[in-house]
Asker: 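After the structure tokens below, expect a handful of questions from me.
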Amino acid sequence: MSLVNFTTREITCKIVYYGPGRSGKTTNLQYIYGQVPDDRKGRMVSLATQTDRTLFFDFLPLELGTVRGFKTRFHLYTVPGQVFYDASRKLILKGVDGVIFVADSQVERMDANVEAIENLQTNLKAQGYDLMTIPYVLQLNKRDLPNVSGAAEMVQLLRKKGEPVIEAVASKGTGVFETLKGVAKLVLQELTKTG
Ligand SMILES: Nc1nc2c(ncn2[C@@H]2O[C@H](COP(=O)(O)OP(=O)(O)OP(=O)(O)O)[C@@H](O)[C@H]2O)c(=O)[nH]1
Ligand SMILES: [Mg+2]
């Protein structure tokens, strides 16, 4: 549900980073924030607890060039991954154009990944969306840790529909922009299809 403003010739798209607690969603945003020049980004808003976990959401407005003479503005959000913040997650999915699922590659987090994808499917449905049709990218994060599942195994377990899969080390920036570009491309494709 991108917002197209013909007067200012701007398109605004909403991207949501979803995933289990501590998978690296906020780290993705922080890396992007650090790399993008000031004139292309707005202020990053982080609502965190004292221990740095996202309490409601993180928000980062970005400008990613032009498409057919329209400026594209992307609003990036992360949700809080902890199970009990479900009301916030539901709310943040309102008006979403694209979703990035940030999976934690550590073996002991596979159940949490599966549970979070099921939660994503449920919450998308509650907002009238369908994971099977919405622009969607799967990021396998924390590939640098010693106790990770094989990428092929994770794809087998977590991939839903042939979506792009990107291996990442968000804390070093590896794969972060590839992931964002992957979903941005799908969102803009969707726009030209429906627009
Ligand atoms: N080793 C390693 N650590 C990472 C990576 N990405 C993130 N982390 C660390 O994992 C921890 C959690 O990262 P966050 O970005 O806060 O996770 P989150 O998904 O926003 O967590 P919630 O907001 O609680 O849902 C932090 O200590 C990060 O530095 C990675 O690729 N490798
Ligand atoms: Mg967070």
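What you see is a predicted model, and the numbers here were worked out from it, not measured in a lab. In listed order, ligands and their atoms are each counted from 1.
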Asker: Do I100 and I15 have side-chain heavy atoms sitting under 4.5 Å apart?
Answerer: yes
Asker: Could you tell me if R143 and S105 have a donor-acceptor pair between their side chains, going purely by distance under 3.5 Å?
Answerer: yes
Asker: Around atom 10 (O) of ligand 1, find the nearest protein heavy atom and jot down its residue, atom name and distance.
Answerer: K142 NZ, 3.4 Å
Asker: Looking only at side-chain N and O atoms, does Y129 offer a donor or acceptor that is under 3.5 Å from a partner on N123?
Answerer: no
Asker: Between Q121 and D130, do the side chains contain an N or O donor and an N or O acceptor separated by less than 3.5 Å?
Answerer: no
Asker: Less than 3.5 Å apart, any donor N or O on the side chain of T54 or T26 sitting next to an acceptor on the other?
Answerer: yes
Asker: How far is atom 12 (C) of ligand 1 from its nearest protein heavy atom, and which residue and atom is that?
Answerer: R22 NH1, 3.2 Å
Asker: Heavy-atom distances under 4.0 Å decide this one: backbone, side chain, both or neither, for T174 against ligand 1?
Answerer: neither
Asker: Using a 6.0 Å distance limit plus a 45 degree cone around the ring axis, check whether K41 lies over the aromatic ring of Y33.
Answerer: yes
Asker: Measuring from atom 31 (O) of ligand 1, which candidate in P146, A170, A48 has the nearest non-hydrogen atom?
Answerer: A170
Asker: Just heavy atoms, cut-off under 4.0 Å: does D144 contact ligand 1 by side chain, backbone, both, or neither?
Answerer: side chain
Asker: Give the single entry among Q82, Q30, K25 that approaches atom 19 (O) of ligand 1 most closely by any heavy atom.
Answerer: K25
Asker: Considering only heavy atoms of G21, which atoms of ligand 1 have at least one such atom less than 4.0 Å away?
Answerer: 25 (O)
Asker: If you measure from each heavy atom of N141 to ligand 1, is any distance below 4.0 Å?
Answerer: yes
Asker: Report yes or no: do L93 and V45 belong to one cluster of Ile/Leu/Val/Met/Phe/Trp/Tyr joined by side chain heavy-atom distances under 4.5 Å?
Answerer: yes
Asker: Give a rough value, rounded to 10 degrees, for the angle at the Mg ion (ligand 2) between atoms OG1 of T26 and OG1 of T54.
Answerer: 100°
Asker: Are there protein heavy-atom neighbours of atom 27 (O) of ligand 1 below 4.0 Å?
Answerer: no
Asker: In terms of relative ring orientation, are F70 and F6 parallel, tilted or perpendicular, with 30° and 60° separating the classes?
Answerer: perpendicular
Asker: Any N or O of L145 that comes nearer than 3.5 Å to an N or O of ligand 1?
Answerer: no
Asker: Decide whether an N or O pair under 3.5 Å exists between G24 and ligand 1.
Answerer: yes
Asker: Measure the distances from the heavy atoms of G19 to every atom of ligand 1 and state whether one is below 4.0 angstrom.
Answerer: no
Asker: Any donor-acceptor pair under 3.5 Å linking the side-chain atoms of S23 with those of D104?
Answerer: no
Asker: Relative to each other, are the rings of Y77 and F59 parallel, tilted or perpendicular (30° and 60° limits)?
Answerer: tilted
Asker: Side chain or backbone, does R53 bring an N or O within less than 3.5 Å of an N or O on ligand 1?
Answerer: yes
Asker: Checking a contact table here: which protein heavy atom is nearest atom 4 (C) of ligand 1, and how many Å away?
Answerer: S171 OG, 3.7 Å
Asker: Find the distance between CG (L138) and NZ (K160) and round it off to the nearest 0.5 Å.
Answerer: 10.5 Å
Asker: Tell me: protein heavy atom nearest atom 23 (O) of ligand 1, and distance?
Answerer: T54 OG1, 2.6 Å
Asker: Which atoms from ligand 1 have a heavy atom of T27 less than 4.0 Å away?
Answerer: 7 (C), 13 (O), 14 (P), 15 (O), 28 (C)
